Amino acid sequence: MASKNYFLNGIAELLILSILKKNDTYIYDMKKIISDVSNDALPMSQNTIYSAAYKLENEGKISEYSKLVGRKRTRVYYHLEPDGSEYLEKLSAEYQSVVNNVGMILNYLETETEDSDNE
């Protein structure tokens with residue numbers, strides 16, 4: 001299971017930036033979006049999201065602000081900054097490249113296995 005968690009940590013930044021590209025959002029809502037849209041196939045913890053968000057904020061790619069919700073409750077929202085938009089484009093391109101290349105390798109290996117089974 002550790003390898004799955006490692007992989008999820010690697011895509012946390014991509015998902016956070018993609019969510020923030022659509023709307024300013026708070027951490028719990030990010031977790032809910034990821035969980036709901038993936039039908040719980042990407043069980044990303046709030047800690048993972050917080051860690052990635054803090055890193056992105058320290059790098060100036062996102063910012064945070066507080067918003068009063070209800071009478072006394074304040075919620076911290078995150079906002080995508082211009083540097084974050086550029087970084088998102090780069091991450092998205094890298095992600096697509098990895099997915100495409102892994103797919104090509106898997107398809108090749110599957111074809112090779114089928115060819116050797118037919119001999």
Side-chain angles (χ1 to χ4, degrees):
M1 186 69 141
S3 63
K4 186 174 182 181
N5 288 337
Y6 180 76
F7 182 73
L8 291 177
N9 288 339
I11 62 170
E13 289 183 9
L14 175 63
L15 295 177
I16 289 168
L17 293 170
S18 297
I19 290 168
L20 293 178
K21 182 177 180 181
K22 225 170 154 53
N23 292 309
D24 291 358
T25 311
Y26 54 100
I27 297 291
Y28 176 78
D29 206 30
M30 288 183 208
K31 181 184 180 339
K32 186 167 174 16
I33 290 167
I34 293 166
S35 179
D36 290 352
V37 173
S38 73
N39 292 317
D40 293 322
L42 294 174
M44 197 169 291
S45 73
Q46 277 186 243
N47 287 342
T48 298
I49 297 170
Y50 270 115
S51 294
Y54 290 145
K55 178 181 178 288
L56 291 167
E57 186 177 12
N58 286 336
E59 294 171 350
K61 293 176 174 65
I62 65 174
S63 59
E64 69 172 44
Y65 62 92
S66 296
K67 187 175 181 180
L68 192 62
V69 290
R71 286 186 173 174
K72 297 181 181 181
R73 201 159 129 219
T74 303
R75 189 175 280 154
V76 176
Y77 280 80
Y78 290 87
H79 173 78
L80 183 64
E81 295 296 335
D83 282 354
S85 292
E86 290 176 24
Y87 186 55
L88 174 58
E89 287 180 29
K90 179 183 169 199
L91 283 179
S92 294
E94 289 173 359
Y95 171 78
Q96 274 311 128
S97 176
V98 168
V99 168
N100 292 339
N101 287 302
V102 168
M104 287 188 325
I105 292 167
L106 294 176
N107 287 336
Y108 169 80
L109 293 172
E110 190 173 300
T111 304
E112 283 293 307
T113 304
E114 289 171 1
D115 288 346
S116 21
D117 288 347
N118 292 332
E119 292 178 4

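Owing to the predicted nature of the structure, the values given are computational and were not obtained by experimental measurement.
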Does the side chain of M30 come within less than 4.5 Å of L20's, by heavy atoms? yes
Counting only N and O atoms by type, is there a donor-acceptor contact under 3.5 Å from the side chain of S38 to the main-chain atoms of I34? yes
Please give me the minimum heavy-atom distance between A52 and E13, naming the atom from each residue. CB-CG, 4.1 Å
Find out whether L42 and L15 are in side-chain contact, i.e. whether some heavy atom of one side chain is under 4.5 Å from a heavy atom of the other. yes
If you group Ile, Leu, Val, Met, Phe, Trp and Tyr by side-chain heavy-atom gaps below 4.5 Å, do L17 and Y77 land in one group? no
With side chains defined as the heavy atoms from C-beta onward, is the minimum distance between I49 and I16 less than 4.5 Å? yes
Would I105 end up clustered with Y108 when hydrophobic side chains under 4.5 Å apart are linked, directly or stepwise? yes
Examine I62 and Y28 and state if one hydrophobic cluster contains both, with Ile, Leu, Val, Met, Phe, Trp and Tyr joined whenever side-chain heavy atoms are less than 4.5 Å apart. no
Would you say that L88 contacts L14 through its side chain, given a criterion of any heavy-atom pair below 4.5 Å between the two side chains? yes
Please confirm whether the backbone N or O of A93 pairs with a side-chain atom of S97, one donor and one acceptor, at under 3.5 Å? no
Taking the side chain as C-beta and beyond, is there a heavy-atom pair between L91 and Y87 under 4.5 Å? yes
What's the separation between atom NZ in K32 and atom OH in Y26, rounded to the nearest 0.5 Å? 9.0 Å
Please check if I11 and V98 belong to a single hydrophobic cluster, counting links between Ile, Leu, Val, Met, Phe, Trp and Tyr side chain heavy atoms closer than 4.5 Å. no
So, do Y78 and L56 sit near enough that their side-chain heavy atoms are less than 4.5 Å apart? no
Would K55 and E59 pass as an ion pair if we require N to O under 4.0 Å? yes
